[in-house]
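In what follows, chains are A, B, ... by sequence order, proteins preceding strands, each numbered from 1. These figures come from a predicted structure and were not determined experimentally.
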Amino acid sequence: MLTLTCPYCGTHADETELAPGGEAHLKRFGPGSSDEDFEDYLFRRANPKGVHFERWRHAYGCGKWFLAARCTTTLEVYGTYPAQTTEPPEHILETIAAKRPGWSWEADT
Amino acid sequence: MAEAMQKTSPMAVVTALGPRGMITLRGDLAASKLKAVCKALTGADIPAAGHATVVKETGLAWMSPDELLIMLPHAEVPAAIAKIDAALKGSHYLAVDVSDARAVFRVCGSGAREVMGKLCPVDLHPDQFAPGQFRRTRMGQIAAAFWMRDAATFEVVCFRSVADYAFDLLTVSAKAGPVGYY
């Protein structure tokens with residue numbers, strides 16, 4: 001069972017209280033972009049075995065969207081942070097780097 | 001509503017309460033005008049995240065970083081919304097009467113914590129949840145929110161459309177007997 005701390009209300013929210021929103025930090029390609037970019041934006045996902053950044057909504061709680069960094073194999077949660085950012089904040093990356101030596105955000109994207 | 005408005009079991013008494021005045025207020029909770037009008041209406045300060053200041057039928061509950069639930073006696077709602085509209089005119093806010101959209105229940109008794117704990121994914125140990133705190137969460141299959149009126153009494157709000165389900169759920173949880181966890 002996954003328990004994430006909502007960064008807006010501080011609640012330790014059980015997975016059943018949350019709604020999943022898929023991969024985080026996608027770059028949007030809209031009108032005027034090439035068909036390949038638009039297709040990638042719509043359908044191509046990293047789906048990694050390991051560190052993953054995800055969008056979640058605290059659906060049964062405060063209703064806010066937030067982002068979470070976790071490991072898809074161990075379910076270890078590295079941290080959660082507000083959604084108003086285009087890349088993971090420094091303290092999250094440091095936490096991951098300490099626990100997963102050799103992993104880097106740049107190599108992952 | 002279920003025909004019986006109150007059901008008693010050794011663990012707790014579950015009561016469906018009558019209509020309660022509720023106003024959803026969205027806006028900048030740090031704004032002094034908003035703080036002042038909330039204080040004037042309820043006598044309470046803006047609660048911290050995850051808290052509520054409810055005395056009897058009147059008070060404020062923290063719903064999200066930009067949303068409060070104002071609780072009042074049902075008859076006072078129209079006047080209260082007029083006051084909010086006057087006080088916050090020109091700022092970005094929303095005040096809506098949601099009284100008719102909500103149902104309120106009271107769970108009172110020595111086993112009240114367990115009645116709630118069996119239904120919600122919330123740590124209700126006395127060290128973790130005490131009177132003054134407020135929690136929006138999932139109760140069985142529906143969204144609900146609750147706070148503690150005193151050490152043995154929970155008040156639960158949910159949508160009126162699922163009030164029958166909520167009443168049955170609380171009743172069955174109380175009837176099923178204690179677990180002895182807390």
Task: A:P20 side chain reached by A:E54 side chain, heavy atoms, under 4.5 Å - done: no
- [ ] Please list, in residue-number order, every residue in residues 129-148 of chain B that has a heavy atom less than 4.5 Å from any heavy atom of chain A; write 'none' if there are none.
- [x] B:R135, B:R136, B:T137, B:R138, B:Q141, B:I142, B:A143
Task: Side-chain ion pair, A:K64 and B:D66, N-O less than 4.0 Å - done: yes
- [ ] Output every pair passing ring-ring contact (aromatic ring centres under 6.0 Å, His included) with a member in residues 51-104 of chain B, not counting sequence neighbours, ordered by first then second residue.
- [x] none
Task: Axial cation check for A:F29 ring with A:K27, 6.0 Å and 45° limits - done: yes
Task: Pair B:D45 + B:K39: basic N to acidic O under 4.0 Å - done: yes
Task: Heavy-atom proximity to chain B below 4.5 Å, by part of A:T16 - done: both
Task: Salt-bridge criterion met for A:R100 and A:E76 (N-O under 4.0 Å) - done: yes
- [ ] Flag yes if B:L119 and B:V157 sit in one hydrophobic cluster, no otherwise; membership is Ile, Leu, Val, Met, Phe, Trp, Tyr, and two members link when side-chain heavy atoms are under 4.5 Å apart.
- [x] no
Task: Pick from A:A13, A:A59, A:C62 with the largest number of heavy-atom pairs that fall under 4.5 Å of chain B - done: A:C62
